[in-house]
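A quick write-up on the structure given underneath.
Since this is a predicted model, take the numbers as computed values, not measurements.
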Amino acid sequence: MTVLKTSLRNFLAHKGRMALSAIAVLLSVAFVCGTLVFTDTMNTTFDKLFSVAASDVTVSPADAKSEETPQNGVPLSLPAATLDRVKTVDGVKSAEGAVSSMSVTVVDSADENMGSSTGAPTIAGNWTDNDLRSMEITSGHAPRGPTEMMVDADTADKHHLKLGDELRTIAQTGDVTARIVGIATFKVTNPGAAVVYFDTPTAQRHLLGATGRYTQLDVTAAAGVSDAQLKRNVAQALGGPYKFQTAKENADENRKDVGAFMDVIKYAMLGFAGIAFLVGIFLIINTFSMLVAQRTREIGLMRAIGSSRGQVNRSVLVEALLLGFVGSVLGVGAGVGIAVGLMKLMGAAGMELSTRDLTVKATTPAVGLVLGVVVTVLAAYLPARRAGKVSPMAALRDAGTPADGRAGLVRGLIGLVLTGAGTAALYAAATADKATDGSLLLGLGIVLTLIGFVVIGPLLAGGVVRVISAVLLRAFGPVGRMAERNALRNPRRTGATGAALMIGLALVACLSVVGSSMVASATSELDKSVGADFIVQGNQPIVPQAERAMEQTPGLAHVTRYKVLDATLTSPDGKADDSGITAADPTYADDLRRPTTEGTLKDAYGTDAMSVGSDYAEKHGVHVGDTLTVAFKGGRTARLKVAAITDDSTAIDQGARYTSIATMEKYLPESQVPPNVIMFAKAENGQEKQAYAALKSALKKYPTYQVRDQTDYKKELKDQVGQLLNMVYGLLALAIIVAVLGVVNTLALSVVERTREIGLMRAIGLSRRQLRRMIRMESVVIALFGALLGLGLGLGWGTTAQKLLAMEGLGVLEIPWPTIIGVFIGSAFVGLFAALIPAFRAGRMNVLNAIATE
């Protein structure tokens with residue numbers, strides 16, 4: 001009880017000094033809890049939608065998968081006769097056929113895409129009674145003929161659609177234009193999908209290419225019949241190649257598809273929260289180390305009157321426990337706020353998430369509390385242990401922080417060993433023969449060098465701070481020299497404060513190098529390999545209508561089709577490989593100049609000929625002239641002669657196996673021929689600008705496809721990488737904010753620690769302005785020290801990562817010096833910002849009171 005009272009008294013006495021550490025815990029816990037609440041809410045939203053929408057039993061083709069479309073771009077279907085048989089099965093109350101396709105694009109009269117901008121699908125189908133489970137018609141009526149359609153209310157609101165407007169639906173089987181006669185509203189939250197409905201014959205004809213077929217049957221059980229029993233009855237009656245699912249099984253399958261995507265988001269965000277926690281550890285260690293040092297005399301008195309080492313140790317740990325608890329409780333509440341903010345942000349981007357579905361599981365606050373408290377207590381353990389070692393004789397000495405002019409020899413040796421081992425791992429990664437082996441070594445090298453730099457930081461602080469000071473501070477005379485000495489006074493503290501900033505900036509530098517190298521490599525590869533003037537692709541396979549429009553565009557010398565086929569290859573050594581084959585027109589050999597290690601690529605487009613990549617050839621001992629067995633899915637098995645082996649030291653089409661479209665058509669029936677995933681075009685000599693404009697005009701009716709020349713393609717690639725990096729930088733900003741709090745806290749506690757010294761300096765003539773400048777310059781030096789270490793580490797990591805990317809064809813190393821220099825200069829401003837409050841408080845001190853401070 002005495003230990004608890006003492007801890008509580010000390011905690012409340014130093015609550016101002018604890019505040020910034022508490023904020024670090026709060027931010028880290030808030031990010032963790034916000035991530036969990038946000039992802040749980042999204043899962044709840046999808047679960048409700050899937051559970052409500054599923055019929056008691058669904059019957060679908062055996063190979064149908066909710067997230068995949070067959071290679072020909074037309075959904076798998078079953079004959080209408082199956083529906084008639086299901087209606088006669090015992091236990092069936094009703095059954096109806098449903099048609100649904102996600103391989104569609106819906107545009108308005110101005111050819112603007114009506115689909116989601118967030119990646120959510122556009123779904124077209126027929127309106128059935130089963131849809132009344134999840135939707136209700138709130139305006140107009142259901143479609144009754146080939147010129148009528150209905151849309152969901154969210155899409156109507158988003159695009160200002162109303163009854164009477166015309167929309168065109170583009171599918172692989174053709175276009176259909178219809179007038180909106182009804183608007184249906186979801187009874188549960190729609191996460192962002194755009195949904196359009198037709199009557200059944202129209203949906204069958206335009207989405208499946210044939211009447212009398214359905215993509216699935218929705219079966220409702222009679223009273224007293226369970227879903228499981230109904231499933232058994234229907235399965236026994238039909239047999240055959242069908243998939244039978246209860247409502248729960250259907251919802252679970254859809255949930256699994258969405259869950260895999262959600263897990264990626266959740267664990268990525270939790271990773272950044274972990275980085276913030278790591279940075280926060282340095283802040284907490286520094287806070288408690290300085291508080292323990294400042295209370296040396298007090299602790300010595302406690303020891304003199306009978307407190308044991310264990311009691312002193314526990315006293316500090318209880319303070320940490322209180323800090324972690326308060327910060328975590330506040331963090332849990334802030335996490336819910338962050339989740340709501342993310343939901344609003346997603347809503348602005350087009351993905352609707354309702355706060356009615358806000359899900360805060362009991363495990364979420366528990367995880368936040370446990371994580372925050374445990375991390376805080378662990379971080380405070382070393383300072384607590386140091387407090388326990390204070391002897392009673394310390395009560396007779398002046399209070400204050402020991403000089404700690406040099407770090408311990410053991411610490412230095414450990415740091416050097418870890419750094420050396422990490423550097424060796426990075427070197428081994430850069431010289432690895434396989435990217436998979438190198439990536440493991442890269443991860444090990446990053447961890448070891450990071451820990452090594454943290455451990456060796458106090459040793460580095462002396463030399464690095466002196467160099468920075470010589471460049472920046474000596475011009476400020478005595479004030480600059482005092483700022484330098486203050487930064488050097490406690491190398492351990494300077495090292496820990498700089499290490500917090502180092503972690504975030506190291507990751508920024510590493511990712512900047514990787515991102516810039518990827519863009520530079522891809523740009524170089526495009527310049528070297530791509531001979532086509534124009535590239536056409538979109539987020540849907542290219543429909544035949546768009547293909548014809550492209551082929552009829554004036555000013556084009558040729559148009560190249562490019563199709564990806566499901567096929568199983570069997571090499572001469574008897575090994576099967578089901579990763580498919582690419583079919584293209586012979587002009588593709590000019591559109592993409594792939595170097596070969598054997599043979600000539602043009603020969604691969606001959607009759608019953610093909611090419612393979614050099615990696616595949618080496619693995620299976622394949623040479624030009626060998627014959628491979630190729631089993632085309634949905635077609636016949638062919639024996640194709642290897643006419644060329646392409647070099648796989650490239651980023652574009654790495655590992656691709658080519659054959660001609662003529663060969664493909666020989667072994668695949670027309671109904672199984674896949675659409676083009678991408679198309680290429682070459683302009684007539686001197687007609688590039690005219691052909692570009694004509695091609696854009698020809699494909700204006702199909703806005704899901706983009707026409708790019710090589711300049712456009714490079715710019716889009718750069719923009720995509722840039723957007724990804726900006727998102728990552730935004731998440732890393734949390735760790736950098738915590739690191740800035742660490743600098744603020746270090747300076748604030750340092751000012752308190754030096755109160756008497758500051759008073760004496762003011763008494764002998766140091767002005768308030770000079771004092772504030774000294775503290776600001778000390779902060780800048782500490783920030784630049786952390787930045788220098790972080791950027792140096794990040795450059796090493798990024799350069800090593802690029803060596804691994806070179807194995808995948810991205811062989812250009814580009815260091816983004818403007819970004820690196822900008823971050824370094826920005827760190828100086830971070831130091832200035834962090835020093836504002838501590839410098840202001842120091843300048844406001846009463847000189848006499850400061851001198852009188854014990």
### Polar side chain donor-acceptor pair, Ser521 to Ser524, under 3.5 angstrom
no
Would you please say whether a donor-acceptor pair under 3.5 Å links the side chains of Ser529 and Glu525? yes
### Message
Donor-acceptor pair, distance only, cut-off 3.5 Å: does the side chain of Glu148 make one with the backbone of Val181?
### Response
no
Note to self: With a 6.0 Å cut-off (strictly less than), is the heavy-atom count around CZ of Arg356, excluding the residue itself, greater than 12?
What the structure shows: no
* Take Met135 and Thr185 through the side-chain contact (heavy atoms from CB on, under 4.5 Å) test and state the conclusion after the steps. => CA-CA 5 Å; Met135 305 190 78; Thr185 302; over 6 Å; no
Query raised in the report: Between Asp585 (side chain) and Thr587 (backbone), is there a donor-acceptor pair under 3.5 Å?
Result: no
What one should report as the nearest heavy-atom pair of Asp533 and Ala683 is OD2-N, 2.8 Å
On a heavy-atom basis, the closest approach of Ala194 and Ser116 is CB-N, 4.5 Å
Nearest heavy-atom contact between Met102 and Pro121 is SD-CB, 3.6 Å
- Query: Would you say Asn676's side chain and Ile678's backbone share a donor-acceptor pair under 3.5 angstrom?
  - Reply: no
Pair Asp131 + Lys187: basic N to acidic O under 4.0 Å: no
Closest non-hydrogen atoms of Arg213 and Leu208, given as atom of the first, atom of the second and distance, are O-CD1, 3.5 Å
Residue pair Thr202 / Asp199, side-chain donor-acceptor N/O under 3.5 Å: yes
In this structure, OG1 of Thr105 is separated from CD1 of Ile170 (nearest 0.5 Å) by 5.5 Å
Ion pair check, Asp357 and Lys48, cut-off under 4.0 Å:
yes
In terms of heavy-atom contacts, Val630 and Ala567 come closest through CG1-CB, 3.9 Å
The reported gap from CG in Asp84 to CG in Leu217 (rounded to nearest 0.5 angstrom) is 10.0 Å
>> Go through it in stages, so that I can follow the logic: the residues are Asn113 and Thr704, the test is side-chain hydrogen bond (donor to acceptor under 3.5 Å, both in side chains), and I'd like the CA-CA distance, side-chain angles, deciding distance and then a yes or no.
In response: CA-CA 7 Å; Asn113 195 338; Thr704 192; 4.5 Å; no
Report task. Could you tell me whether the side chain of Leu592 reaches within less than 4.5 Å of the side chain of Asp653, counting heavy atoms only? Result -> yes
Value for CZ (Arg561) from CE (Met550), rounded to nearest 0.5 Å, stands at 11.5 Å
Does some side-chain heavy atom of Asp591 sit less than 4.5 Å from a side-chain heavy atom of His558? yes
In this structure, OG1 of Thr523 is separated from NZ of Lys528 (nearest 0.5 Å) by 12.5 Å
Parallel, tilted or perpendicular, as decided by the 30° and 60° cut-offs, for the rings of Tyr702 and Tyr705
tilted
### Message
Strictly distance-based, threshold 3.5 Å: is any side-chain N or O of Lys563 a donor or acceptor partner for the main-chain N or O of Pro674?
### Response
yes
message = Using modelled atom types and a 3.5 Å cut-off, is there a donor and acceptor pairing between side-chain atoms of Thr553 and backbone atoms of Ala549?
response = yes
- prompt: Taking everything shown except Asn726 itself, do over 12 heavy atoms lie less than 6.0 Å from its CG?
  reply: yes
Inset, instruction - Determine whether Ile180 and Met149 make a side-chain contact, defined as any pair of heavy atoms from C-beta on separated by less than 4.5 Å. - result: yes
Would you say Ser51's side chain and Asp47's backbone share a donor-acceptor pair under 3.5 angstrom?
-> yes
* Asked: Would you say the side-chain atoms of Gln216 and Asp218 include a donor-acceptor pair closer than 3.5 Å?
  -> yes
Check your understanding: Between Lys701 and Asp111, is the closest basic N to carboxylate O distance under 4.0 Å?
Key -> no
Next on the checklist: When you measure from the centre of the six-membered ring of Tyr658, is the NZ or CZ of Arg594 closer than 6.0 Å and no more than 45° off the axis?
Outcome noted: no
| task | For atom NZ of Lys714, decide whether the heavy atoms of other residues, nucleotides or ligands shown that lie under 6.0 angstrom number more than 12. | result | yes
- Message: I'd like to know whether Leu640 forms a side-chain contact (heavy atoms from CB on, under 4.5 Å) with Thr659, so could you lay out the CA-CA distance, the side-chain angles of the two residues, the decisive distance to 0.1 Å, and finally the verdict.
- Response: CA-CA 9 Å; Leu640 304 183; Thr659 191; 4.1 Å; yes
Describe, in one word, how the ring planes of Tyr197 and Trp127 are oriented to each other, choosing from parallel (under 30°), tilted (30 to 60°) and perpendicular (over 60°). perpendicular
Worksheet item: Just by distance, do the side chain of Asp165 and the backbone of Lys162 share a donor-acceptor pair under 3.5 Å?
Response: yes
| field | Under 3.5 Å donor-acceptor, Glu96 side chain and Asn130 backbone | value | yes
Check your understanding: Hey, does Leu161 have a side-chain heavy atom less than 4.5 Å from the side chain of Met114?
Key -> yes
> For residues Arg657 and Ser579, is any side-chain donor paired with an opposing acceptor at under 3.5 Å?
Replying inline: yes
field: Gln672 side chain near Lys633 side chain, heavy-atom distance below 4.5 Å
entry: no
Here the gap from Leu132 atom CG to Ile137 atom CD1, rounded to the nearest 0.5 Å, amounts to 6.5 Å
In terms of heavy-atom contacts, Ser611 and Thr646 come closest through OG-CG2, 4.3 Å
TODO: Would you mind reporting whether Leu238 and Arg85 have side-chain heavy atoms less than 4.5 Å apart?
DONE: yes
Would you please indicate yes or no on a ring centroid separation below 6.0 angstrom for Phe534 and Tyr692? yes
query = Can you tell me if OH on Tyr713 sees more than 12 non-hydrogen neighbours from other groups inside 6.0 Å?
reply = no
Note to self: A side-chain contact here means heavy atoms from C-beta on lying under 4.5 Å apart; do Leu569 and Met610 qualify?
What the structure shows: yes
#### Entry: Side chain Glu249, main chain Thr246, donor-acceptor under 3.5 Å
yes
| message | I'd like to know if Glu253 and Lys243 make a salt bridge, using a cut-off of under 4.0 Å between side-chain N and carboxylate O. | response | yes
request  = Please determine if Lys666 and Asp608 form a salt bridge, counting it only when a charged side-chain N lies under 4.0 Å from a carboxylate O.
outcome  = yes
Does the side chain of Val59 come within less than 4.5 Å of Leu78's, by heavy atoms?
-> yes
Asp578-Thr568 side chain donor-acceptor pair, cut-off 3.5 Å: no
Lys602 with Asp590: basic N within carboxylate O range, under 4.0 Å
yes
Item to check | Steps toward side-chain contact (heavy atoms from CB on, under 4.5 Å) verdict (Val559, Phe680) | outcome: CA-CA 6 Å; Val559 172; Phe680 303 86; over 6 Å; no
query = Do Thr215 and Ser77 have a side chain donor and acceptor closer than 3.5 Å?
reply = no
For the side chain of Asn254 and the backbone of Ala251, is there at least one donor-acceptor N/O pair under 3.5 Å apart? no
- Message: Check this for me, if you would: do Lys248 and Asp252 make a salt bridge, where the nitrogen-to-carboxylate-oxygen distance has to be below 4.0 angstrom?
- Response: yes
CD1 (Ile123) and OG (Ser100) are apart, to the nearest 0.5 Å, by 6.0 Å
### Task
Before giving the answer on side-chain contact (heavy atoms from CB on, under 4.5 Å), spell out for Asp56 and Val219 the whole-Å C-alpha distance, their side-chain angles and the decisive distance to 0.1 Å.
CA-CA 6 Å; Asp56 296 339; Val219 188; over 6 Å; no
